[in-house]
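Notes follow once the structure below has been shown.
Source: prediction; values computed, not measured. Letters A, B, ... mirror the listed sequences (proteins, then strands); counts begin at 1.
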Amino acid sequence: MELIVQRRIKQVLKGDQNAFGEIVELYKDKVYQICYRMLWDRYEAEDAAQETFIKAFINIHTYDPGKKFATWLYRIATNLCIDRIRKKKPDYHLDAEVAGTEGLNMYSQVASAEKLPEEAVENLELKETIQAAIFKLPEKYRSVIVLKYIEELQLQEIAEILELPLGTVKTRVHRGREALRKYLRNV
Amino acid sequence: MASCQKEIVRLMHRYLDGELVSGEKRKLKAHLESCDNCQQHFLELKKTIAFVQSASHLQAPEGFTENVLLSLPKEVKTIGMQRWIRKHPFFVAASLFLTLMTGGFFSLWQQETENFAFTKHENLQVENDTVIIPAGEKVKGDIVVENGNIRIEGEVQGNVTVINGEQYMASAGNVTGDIEEIDEAFGWMWFKLKKTAAGVFD
């Protein structure tokens, strides 16, 4: 896959936007997922994911072909999400609760309309609880947890994405796991 | 207890990151078997990880790629052209051939229009860019004048051809062969072709 990506990047460098479309197709789910787990809002996640790709296209000449493309792309995505979280900080937690409740309401409406079995409703609620727990994490723990357990990346790659020493990433993973344990132990 | 806990918790996390050597693994295992608190803690961590992992697999909304492409800065025109060229190589080759051919031909024609030239004969006079056959003189053979005029006051025993110029015939003038004026590029080409062909057959 990396080989195809490198070839497409060469075409993008010449200005070919169709080639970039293929890159977007390959990575859109992963990038959207990072944004959604970080921001916990579908519209905001879509917006951030699109911004990630637009930024990648504009700055494609700064990408070093000797390194993994995904690492570079995910760095753009996490940085964008962290920026958004920091900008929103003063009222973000209020927002978050609203977003969370909205999600729950939406799901319960869906559930009542389609008469989902109780099990499925519980499953949806569990997913919401888990997402809420991830979202409660401070952003520096949230990013490492999302990259490690949702994107399933190696610690070394996470260190490269976040441009942090490996030791710092490990500490953050440990603390993030401990915090999540406290949120989820009684579920 | 608290200090033992701290060290053990660190071992748990290093275990979860796959970093324990076998001696440490044994130590952790032995402790977990003897300490309910730590065992509980360890199970909660494992459960937490399983929960978080179960949250994965989201897909980007529909139309995502199209929206991204629509938001990109406008594509450089030459790229659209290059893509088109890649798709229609034969057409491109043919049109390139034609362009080069006509281009070469026209530049040749343009080049030649700059030079005033005519077939040399002993009795000819030249004023500026006009070739004159004086009255009473006789020229045997064909005359070709390029980029100039010809005035015939005497007699030409042969054909007269004027390229990019005009021929004036005095009332006393006489041409035994054909008189031809060629102005257009096409006519010039035809003339050249005829000449080449005649050369070949001679």
If only side-chain N and O atoms count, and only distance matters, is there a donor-acceptor pair under 3.5 Å linking A:Glu178 with B:His13? yes
Leading residue by heavy atom contact count with chain B [cutoff under 4.5 Å; candidates A:Arg185, A:Gln131, A:Arg181]: A:Arg181
Over-ring placement of A:Lys30 relative to A:Tyr32, 6.0 Å and 45° cut-offs: no
Would you mind checking if A:Glu25 and A:Lys28 are paired as a salt bridge, meaning a charged N to carboxylate O distance below 4.0 Å? yes
Strictly distance-based, threshold 3.5 Å: is any side-chain N or O of B:Thr176 a donor or acceptor partner for the main-chain N or O of B:Val156? yes
Is it the side chain or the backbone of A:Ile130 that comes within 4.5 Å of chain B heavy atoms, both, or neither? side chain
Non-hydrogen atoms of chain B under 4.5 Å away: do they reach the side chain of A:Val31, the backbone, both or neither? neither
Using non-hydrogen atoms and a 4.5 Å limit, figure out which bit of A:Leu155 sits close to chain B: side chain, backbone, both or neither. side chain
Counting only heavy atoms closer than 4.5 Å, note whether A:Leu184 contacts chain B via side chain, backbone, both or neither. both
Heavy atoms only, distances under 4.5 angstrom: which of B:Arg10, B:Arg14, B:Gln40, B:Glu19 has the most pairs with chain A? Name it, please. B:Glu19
Between A:Tyr149 (side chain only) and A:Leu153 (backbone N and O only), is there a donor and an acceptor less than 3.5 Å apart? no
